Amino acid sequence: MCGIVGYSGYLLAVPRILNCLSALEYRGYDSSGIAYLNGGKLEVAKRVGKLENLANHLKTKTIPASCAIGHTRWATHGEPSIENAHPHTDENNVIALVHNGILENYTDIKKSLEGKGVTFYSETDTEVFAKFFSWNLFDENPELKEYYAKYYAMHNTVHNTFKISKKRIIKALKHTISMCEGAFAIAILIKGYEDTVFFAKRKSPLILGKCDESFMLASDIPALLGYTNKFYTIDDDELGFIEPDKASVFDVNLKPKKLKFHNVSIAPEQVMLGEYHHFMEKEIEEGAGSVLSTISRIEKIRALEKIPAQIFSGDFNLHISACGTALNAGLIAKYIIENQLRIPVDIDYASEFRYKKPLLNNKSVCLFISQSGETADTISCAELAKSAGATSIAITNVAATRLESITDYLIPTSAGPEIAVASTKAYLAQLAALYDFVTYVAKNKGIPLEFSMDSVKNSVIKNNGVDYSVQIREVAGLIKDYESIYFIGRGIDYFLAVESALKLKEVSYIHCEALPAGELKHGSLALIKQDSIVIALLTQSALIEKMLNNIHEINSRGAKIILFSPFTELKPFVFKFIEVPKVNDSLAPFSVIKPLQILAYKIAVSKNLDPDKPRNLAKSVTVE
Ligand code: F6R
């Protein structure tokens with residue numbers, strides 16, 4: 001939710017900031033904005049909608065600024081508008097600030113500032129942040145603020161005599177964040193500091209990048225990959241500033257930090273489209289690779305062996321919490337664990353888990369699944385698990401996330417950067433990590449399994465060779481203009497139907513509902529009429545007969561069934577049949593999900609929608 005960038009160097013800052021913002025656009029695309037110091041002036045440009053609107057506005061000018069901050073917004077407080085777009089400035093236009101996160105106590109701070117005569121023009125918490133910081137900076141000497149601004153307006157610079165020291169700025173920033181509740185990563189420009197970007201962070205991610213001739217800040221590593229591979233992950237409650245040749249970071253007690261930059265080896269091509277039209281298309285194709293590299297990474301770093309085997313030896317309760325697609329991966333894990341290990345699993349939407357007074361104790365083992373490792377609801381659950389003394393395990397795709405930092409153990413997925421908002425390859429990587437986890441528990445408990453990790457790899461490889469393009473294009477054309485579509489399945493296929501329905505609805509805006517096939521006649525069948533579309537999934541031979549009954553029920557209402565299945569004998573009973581490879585029953589997710597992801601993608605494209613940036617959504621959901 002929202003991406004921020006900062007640059008301080010010797011080169012043109014604006015094109016760099018725009019480049020980095022385009023890599024962060026997956027975090028929000030309701031509006032974007034940039035602030036820079038140009039010949040002493042603090043200038044701000046903002047546009048509503050996608051970043052291209054801002055880029056088109058700025059491309060006609062060469063702005064000789066070498067220090068700038070930028071923002072791409074997913075609206076939380078206030079509609080997408082110029083007033084609500086970042087950067088936000090203070091009353092005298094001395095400070096410009098961009099923010100990712102939520103300032104939870106902003107109404108109290110706003111009220112108190114209004115009482116002191118400060119006026120607000122937007123509905124955002126960020127304007128409050130900017131004005132609160134400004135107030136704290138000039139607090140000791142409010143006339144200075146006015147003088148600062150007036151002098152500045154006259155001379156376009158601040159005489160050194162009046163310049164506020166960086167020490168004082170950092171103190172004011174520390175005081176500001178100590179009064180702020182919630183999550184924030186902020187980058188700030190201050191008039192008079194032509195080459196400095198100030199920053200602070202708590203809970204929201206912020207990365208510091210060291211380039212040859214500059215320092216940069218961004219919400220994630222991939223945003224800076226075109227410029228550097230040397231990174232420092234800024235910790236909670238750290239703050240500081242970057243200049244072209246130096247980065248200064250302080251801890252909560254304002255003690256300077258010794259910075260150790262880590263080399264990150266993500267190839268820039270991983271975040272580029274290459275031969276593909278959209279990231280969603282590219283990432284669906286990368287699904288098999290992400291399974292294989294997840295399995296090999298978990299093995300290489302011995303991630304599972306770090307989880308003490310004794311926690312599985314006696315009584316333990318297994319809980320899974322996650323959101324969206326990550327939860328859907330968890331549903332598959334629950335099915336497999338209960339089906340094969342005969343161990344009960346509780347699973348909850350992370351947004352619900354904390355409110356149900358979960359039964360957690362030191363015998364609980366909690367799995368938190370999150371591509372981004374940033375999802376606020378999932379993080380809150382992990383905090384809750386920790387306070388209850390449970391063992392917590394994170395499955396994340398992004399390195400060094402907040403979720404990782406608050407859980408006891410990490411099972412990393414290795415899908416590489418996932419840029420499209422709709423999760424595809426990360427879902428498969430999460431399944432790979434979960435199947436690996438199941439294998440580890442089974443080994444420790446001496447329970448034989450129906451599959452091995454080698455069979456997972458083989459099924460992925462087998463499935464990857466299938467070309468669905470012609471069949472799926474045809475089906476996409478058939479259903480793209482529908483307003484509502486139903487997905488059915490039984491057993492594990494139902495959970496795959498749930499994920500397939502989520503994928504299709506989020507990128508095509510078609511209402512999709514997934515139902516256990518046997519449930520249809522208990523109410524929803526009332527909605528099925530002549531020409532309704534029902535997408536059916538059937539991968540389990542033991543369920544053929546029962547599913548066939550459901551197929552007949554639907555056919556007799558005149559609906560059109562599109563069946564994804566390896567059982568070709570069912571072809572005569574359905575309107576369209578998409579053959580998927582036959583794999584071991586437990587491995588169905590690895591064979592059937594790809595064509596359904598392709599279907600969602602093709603429908604979005606045929607409706608001229610942008611599958612990478614579905615409306616109203618953002619990749620990292622850092623609000624609860
Ligand atoms: C759907 C999708 C979302 C995410 C969900 C959790 O395609 O991408 O449902 O899966 O927002 O995000 P993470 O996995 O980052 O916690």
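These numbers were taken from a predicted model, which means no experiment stands behind them. Both counts, for ligands and for their atoms, begin at 1 and track the order of listing.
Protein heavy atom at the shortest distance from atom 15 (O) of ligand 1 is S372 OG, 2.6 Å. Nearest non-hydrogen protein atom to atom 11 (O) of ligand 1 is V621 CG2, 4.0 Å. From the protein, the heavy atom lying nearest to atom 1 (C) of ligand 1 is E506 OE2, 2.9 Å. In terms of protein heavy-atom proximity, atom 14 (O) of ligand 1 is closest to Q371 N, 2.6 Å. The nearest protein atom to atom 6 (C) of ligand 1, hydrogens excluded, is given as C323 O, 3.4 Å; this is a heavy-atom distance. In terms of protein heavy atoms, atom 2 (C) of ligand 1 is closest to T325 OG1, 3.8 Å.
A salt bridge is defined here as a Lys NZ or Arg NE, NH1 or NH2 lying under 4.0 Å from an Asp or Glu carboxylate O, and R354 with D377 fails to meet this definition. In summary, E506 and K503 engage in a salt bridge, as defined by a charged side-chain N under 4.0 Å from a carboxylate O. The pair E181-K203 fails the salt-bridge criterion, with no side-chain N (NZ, NE, NH1 or NH2) lying under 4.0 Å from an Asp/Glu carboxylate O. A salt bridge does not link E275 to K282: none of the charged nitrogens lies less than 4.0 Å from a carboxylate oxygen.
At least one heavy atom of V421 sits closer than 4.0 Å to an atom of ligand 1.
Listed by atom number, the atoms of ligand 1 under 4.0 Å from A326 heavy atoms are 10 (O), 14 (O). Below 4.0 Å from some heavy atom of K503 lie the following atoms of ligand 1, by number and element: 1 (C), 7 (O).
Annotation: Y349 is not in aromatic contact with F353 [ring centroid separation under 6.0 Å not met].
Between Y509 and L609, some side-chain heavy-atom pair lies under the 4.5 Å cut-off.
Counted by atom type alone, D348 and S321 present zero donor-acceptor pairs between their side chains at under 3.5 Å.
Neither the backbone nor the side chain of T378 has a heavy atom within less than 4.0 Å of ligand 1.
Taking each of T396, T375, I379 in turn, the one with a heavy atom nearest to atom 13 (P) of ligand 1 proves to be T375.
In this structure, R73 fails the cation-pi test against Y29, since its NZ or CZ atom is not both closer than 6.0 Å to the six-membered ring centre and inside 45 degrees of the ring normal.
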